[in-house]
Amino acid sequence: MNSLESLKEQYSDQNFINAYETYHKKKYPDLHDVNGLPIHFDVSFTEIGISLSGGADSSLLFYILCNLVEKTGSNIKVHATTMSRFYDTKPWLEKSAKDVYAWMKTRYPDIVGEHNWGFIPPDLEVVKMKKLGLKHLDLEYSTALMYCDILCTIKYQDYLIKRKKWNYIYSGTTMNPPENFAKAPEFRTQEVLESKGIDTVVNSTVINPFALITKNWIMAQYDNFNVQDLLLLTRSCEADTKILDKKWLHIDNEQPPFCGQCFFCKERQWGIDNKEMYLINK
């Protein structure tokens, strides 16, 4: 697993920086240290997006970006984008994204911009991209490991970048923990992500600062930044009405309890249980 120091070395490698700027024909973003983690962020940005699911990872990244804007005194707007998913079996998912956005807008009223909403048809959530038979996708994505929800999200983000002229969209996806939890996302394994190299962290349109770290760093930052109240608004559980009581389909202003058994619940608890190594004030 990558240490934070090794990530700094990789991201600062001049050969990679030169290759990035030559290939993408744009300036390589500056690096800022955030509690030991180097994050690509440039004061020259004007408009950036954050892919906000309402989970702990994307919500923390939303906070970090706004915090960086404030600390650097830069004139950057941070816009949120959320994909509406599983509206028929998990309608409560939208609540966490809305709650996090409202918290952030209150905390950073002059920095937080608009909240954009996309939509993923539930039937596409279970279709692997390779089933589409579109050869050009094989050149862009690891289609054997990805489902069409990823395609919908990526294409919507590409639309927003071009339509609204954003500099980048940030994603908060992490690497799977070292534990062998059932149903862990295949495209988030250490082997797959490290095989892609730094390109999985920063490319021409997307910056994913958490791609090569695990959930324990994320959970530690809620303590380091003293924003546990933000964490309470987030939701990671993937359980739907087959597991949770169907009464939750008809309750608008509350969240169901976490199931505690799905991969994302176990990953979140693992992050909490193993966060101490990244706590600043232990």
Quiz item: Does a donor on one side chain and an acceptor on the other come within less than 3.5 Å for Tyr28 and His40?
Solution: yes

Quiz item: Quick one: do the Ser53 and Ser58 side chains pair a donor with an acceptor below 3.5 Å?
Solution: yes

Quiz item: With a 3.5 Å cut-off and no angle check, do the side chains of Thr205 and Gln157 form a donor-acceptor pair?
Solution: no

Self-check item: From OG (Ser74) to CG (Asp42), nearest 0.5 Å
Solution: 9.0 Å

Self-check item: Polar side-chain atom of Gln221 near backbone of Trp217 as donor-acceptor pair, under 3.5 Å
Solution: yes

Run the side-chain donor-acceptor check on residues 106-114: report pairs under 3.5 Å with partners two or more places apart or on a different chain.
{"residue": "Thr106", "atom": "OG1", "partner": "Ala102", "partner atom": "O", "Å": "3.0"}
{"residue": "Glu114", "atom": "OE2", "partner": "Asn116", "partner atom": "ND2", "Å": "3.3"}
{"residue": "Glu114", "atom": "OE2", "partner": "Lys164", "partner atom": "NZ", "Å": "3.0"}

Exercise. Please confirm whether the backbone N or O of Trp270 pairs with a side-chain atom of Asn216, one donor and one acceptor, at under 3.5 Å?
Key: no

Self-check item: Any donor-acceptor pair under 3.5 Å from Asn167 side chain to Ile48 backbone
Solution: no

Quiz item: How about Arg188 and Thr174: does a side-chain donor come under 3.5 Å of a side-chain acceptor?
Solution: yes

Self-check item: Verdict with supporting geometry, Thr46 and Ile76, side chain to side chain contact (heavy atoms under 4.5 Å, CB included)
Solution: CA-CA 5 Å; Thr46 55; Ile76 301 172; 6.0 Å; no

Self-check item: Sequence-distant partners of Phe225, ring pair (Phe, Tyr, Trp, His ring centres under 6.0 Å), two or more places apart
Solution: Tyr63

Self-check item: Pairs satisfying salt bridge (charged side-chain N to carboxylate O under 4.0 Å, His left out), at least one member in residues 5-18, at least two apart
Solution: Glu5-Lys8, Lys8-Asp33

Quiz item: Got a sec, which residues hit side chain to side chain donor-acceptor pair (under 3.5 Å) with Asn203, two or more places apart in sequence or on another chain?
Solution: none

Quiz item: Could Glu21 and Lys26 be called an ion pair, given the rule that one side-chain N must be under 4.0 Å from one carboxylate O?
Solution: no

Self-check item: Spacing of CD1 belonging to Ile218 relative to OG belonging to Ser59, to within rounding of 0.5 Å
Solution: 10.5 Å

Exercise. Kindly say whether Ile154 contributes a backbone atom to a donor-acceptor pair with the side chain of Asp158 at under 3.5 angstrom?
Key: no

Exercise. Return yes if a side-chain donor-acceptor contact under 3.5 Å exists between Glu267 and Asn176, otherwise no.
Key: no

Quiz prompt | Residue pairs, two or more places apart or on separate chains, that pass salt bridge (charged side-chain N to carboxylate O under 4.0 Å, His left out) and touch residues 45-66 | solution = Asp57-Lys215

Exercise. Measure the spacing between SG of Cys262 and CZ of Arg268 and express it to the nearest 0.5 Å.
Key: 10.5 Å

Exercise. Check whether any side-chain heavy atom of Met175 lies under 4.5 Å from a side-chain heavy atom of Ile213, and answer yes or no.
Key: no

Quiz prompt | Pro256 backbone acceptor or donor facing Arg235 side chain under 3.5 Å | solution = yes

Self-check item: Remaining members of hydrophobic cluster (4.5 Å side-chain criterion), Ile120
Solution: Met83, Tyr156, Tyr159, Leu160, Ile161, Trp166, Ile169

Practice problem: Please state whether the rings of Tyr168 and Phe45 are parallel, tilted or perpendicular, taking 30° and 60° as the class boundaries. | Solution: tilted

Quiz item: Between atom CD of Gln261 and atom CZ of Phe181, what is the distance when rounded to the nearest 0.5 Å?
Solution: 11.0 Å

